[in-house]
Amino acid sequence: MAPIGKIYCYPNNPRVFKILIAAQYNELEVEVAEFELGTDNKKPEFLAKFHNEKVPAFESTEGSIYLNESGAIAYYVASQKEGTQLLGKDKTEISQVLQYILFAENEITPHANTWVNPILGITSYNKAAHNQAVDGLKKSLGILEKVLLNKTFLVGERITLADIAVSTSLYLPFKLVLDAEFRKNHQNLSRWYNTLINQPAFKKVLGEITLAEVAVAYTHFLDPSPLNLEEWKRVYSNNDTRPTAINWFWENFDPKGYSIWRVDYKYNEELTKVFMSSNLIGGFFNRLERARKYAFGSLVVLGEDNANSISGYFVIRGQEIPEEVSDAADYDSYNFQKVDHTDSAVKSSFEDFIAWDGHLDGKKFADVEEKIMSASNSSQKDVSIAYFGPVGSYTHQAALEKFGDSVSYFPQSTINDVFDSVENGRVTYGIVPFENSTYGSVISTLDRFITCKTQILSETYFKINHCLLSKSNFSTLNKVYSHPQGFGQCQNYLDTHLKGVQRVDAMSTSKAAEIAASEPYSAAIASVVCAELYGLDILEKDIQDAKINITRFFILGSSSDIPSDDDKTCILFTVDHRKPGALCDALNSFKSQDVNLIKIDSRPSLQRPWHYVFFIEIQGHKEDEQVQKALSQLNECCLDVKLLGSYPNQRPNFLEEEIKSLTSQMAMQLKDKVGFRNYPSLSPEQELHRIWKLVMSTTKEKRKVSQVAKSRITQELSNTIIIEYLANGNVGIAAISGEALIPGYRFKSL
Ligand SMILES: O=C(O)C(=O)C[C@]1(C(=O)O)C=C[C@@H](O)C=C1
């Protein structure tokens, strides 16, 4: 059959897929011309035929029809067969098809492009635009999810151009970013998409599509570079900066894969003591932990007490500031400006800053603390880490994320062994789990702190997503292994899906995977990484009960004596339990000095029955004046006080972001449940409040609600809205949690 026309476009454009799939359904042939973007579409003969330089463009075979806009071209192709199913069966369906073509163009493609193009290196990454695009796309897909609840296809009973246009606009998002977790939460949309891409006409054009397992992040898609940042850090720390390291740097610098940025503190006039400015840098570097793989930085204090400033340079992977840097809490206090490394003045200033021996605007480099260096560079080969293993444990993964791959790692089979390794000086640092956001404290770590001789040097957080791993089929399982924390974090899943299957404690989740791999009919609760390491199949992913499930780990070593501007301190004490109010007196030491207590836990003292050791974590550093006063007061009213260390707060930003997105998802669901209408005059808070009142009045809790005189939303936390209310003259706090949105609404008093 002769082609009905020719398309001009670069290869693999999803907009062209839409046209070609429509042609497949109508058994028509459309030719795709050999075409070079940027050259062919600028030629006069092209511009004589089409409105503008944009592609795809279509020319009919007999040369009388020229079309721009892929939606219009697809519509033209779809209409070329008498009685086609693609455009709907009556006027209403035709309009609905058009509605979805425009929906794809306006509500999907712009967001999808902003999200996906930086990953593909087509456009540059901008955090605000990215976040807006992710929200925008998810909102549009939420609409489709609802539409597809009771429908197989978007319009009528059969595949139409609506399905083709919308699904092809999602071609790249499904391949790159709409990952397994997203699909689990959008089952109608995913079912519809899978049905379509498995139709022969789709397969012919798209081939076999592999959907994203884990959303690809923008930074991971940079072209490989000959300059290895880890190697540079090693050269820098093991050699004299001038001339060896500097020469090495310029010989190996790759301007395509890296950019150099001049960094200046914005509020120099507020700086006072040199050591405080230096602490400020230390704090900033601490918060740049996640950027370790993408950045090398040297910041320096210039000048003297009451006349100093902070400046320096960063070498950054890629040409944009990655999220790992821009997410750091104090990023906005610094001005980052990309510089031209071929400019000789820039080059020599860069060298001064990394050698720490120069001056700027008449100010000499102040004495710089060693920690600036170590914060930007902990990658020496001789650094060794003992971790709670075996390989693949969450502790191992947290250690790798924190220290990278150029230090030596030593797995230990128990938490006690990690402590021993540090105390005996066999390793530089140890890493142990401390507490989980769902299941609480890790008992073995708490217990060892009672007798330990080492200190907490820093903390790190790691997201825990558990899987059910096995070599056998789900229905044949008779045993499941995990660490008690693993069981504790998956209780609902186990009670619902593995009722009656024997649970056996293992030393760690990776040990559980190792055992399950050697036994038939056994499974392990462990990470995705363990599936690969121990040759197990993933029977189910994300089986932990709480969506946000995070474990905090402590790095053991010696704690820093220099405060950053945001530290925490861990203390252990025992009180005389025969004395009434002893614990209250102890805690009052902190209250009276206005020191905030953020965690408290207790364990049997292991010395005498019914004697307890209390663990507390406070905000502040052991060198802070108020903390010192509180500690001496504490000493007076306790039998024993032990300082476990002060360390910079590393609570990650991703937590805040997830919390925000969960809260807005929840607000959306609330709207649906109560038939939300937009009242333009209400503020978002008032709207949520109104919805809350409506939800309350539709629940079994009606009785309580009628007593509520006044209420207001005070906080949006995790997937929970916290509400203060006044009932019968008493002020109370209530929470609506995400689960409350499922029919039967549950309310929890805090
Ligand atoms: O078993 C592991 O993989 C560990 O690293 C230990 C541990 C823990 O003790 O909390 C770490 C993270 C998870 O919370 C589950 C288990």
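These values consider heavy atoms only, across backbone and side chains, with no hydrogens, waters or symmetry-generated copies. For ligands, and for the atoms within them, numbers begin at 1 and follow the listed sequence. In this text the structure is predicted, and so the values were computed from the model without any measurement. Along the sequence shown, the residues carry numbers beginning at 1.
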Worksheet item: Does S510, backbone or side chain, put an N or O under 3.5 Å from an N or O of ligand 1?
Response: no
Worksheet item: Hey, does S508 come in under 3.5 Å of ligand 1, counting only N/O atoms on both sides?
Response: no
List ligand 1 atoms under 4.0 Å from [X], heavy atoms only on the residue side.
{"X": "Q489", "value": "13 (C), 14 (O)"}
{"X": "V442", "value": "9 (O), 10 (O)"}
{"X": "I464", "value": "12 (C), 13 (C)"}
{"X": "F388", "value": "6 (C)"}
{"X": "Q485", "value": "8 (C), 9 (O), 10 (O), 15 (C), 16 (C)"}

Worksheet item: Would R603 and D601 pass as an ion pair if we require N to O under 4.0 Å?
Response: no
Discussion item. Determine whether the aromatic ring centres of residues Y439 and F487 are separated by less than 6.0 angstrom.
Written reply: no
Discussion item. Determine whether the aromatic ring centres of residues F553 and H396 are separated by less than 6.0 angstrom.
Written reply: no
With a 4.0 Å heavy-atom cut-off (strictly under), which part of [X] contacts ligand 1: side chain, backbone, both or neither?
{"X": "K511", "answer": "neither"}
{"X": "T551", "answer": "side chain"}
{"X": "P433", "answer": "side chain"}

Of all the non-hydrogen atoms in the protein, which one sits nearest to [atom], and at what distance?
{"atom": "atom 5 (O) of ligand 1", "result": "T395 OG1, 2.5 Å"}
{"atom": "atom 2 (C) of ligand 1", "result": "T509 OG1, 3.2 Å"}
{"atom": "atom 9 (O) of ligand 1", "result": "H483 CE1, 3.2 Å"}

Item to complete: Report the residue from D179, L178, L211 that forms a side chain to side chain contact (heavy atoms under 4.5 Å, CB included) with P173.
Response: L178
Discussion item. As a quick check of understanding, evaluate side-chain hydrogen bond (donor to acceptor under 3.5 Å, both in side chains) for Q544 and N465, giving each step before the final call.
Written reply: CA-CA 7 Å; Q544 68 281 355; N465 289 342; 3.2 Å; yes
Worksheet item: Residues two or more places apart in sequence or in another chain: which of them pass side-chain hydrogen bond (donor to acceptor under 3.5 Å, both in side chains) with E514?
Response: K511
Discussion item. Does S384 form a side-chain hydrogen bond (donor to acceptor under 3.5 Å, both in side chains) with T428? I'd like the steps, not just the answer.
Written reply: CA-CA 5 Å; S384 51; T428 330; 3.2 Å; yes
Worksheet, complete the sentence: side-chain contact (heavy atoms from CB on, under 4.5 Å) filter on H621, not counting sequence neighbours, yields P563, D567, E623, D624, S646
Worksheet item: In terms of ring plane angle, is the pair F554 and F434 parallel, tilted or perpendicular, where the classes change at 30° and 60°?
Response: tilted
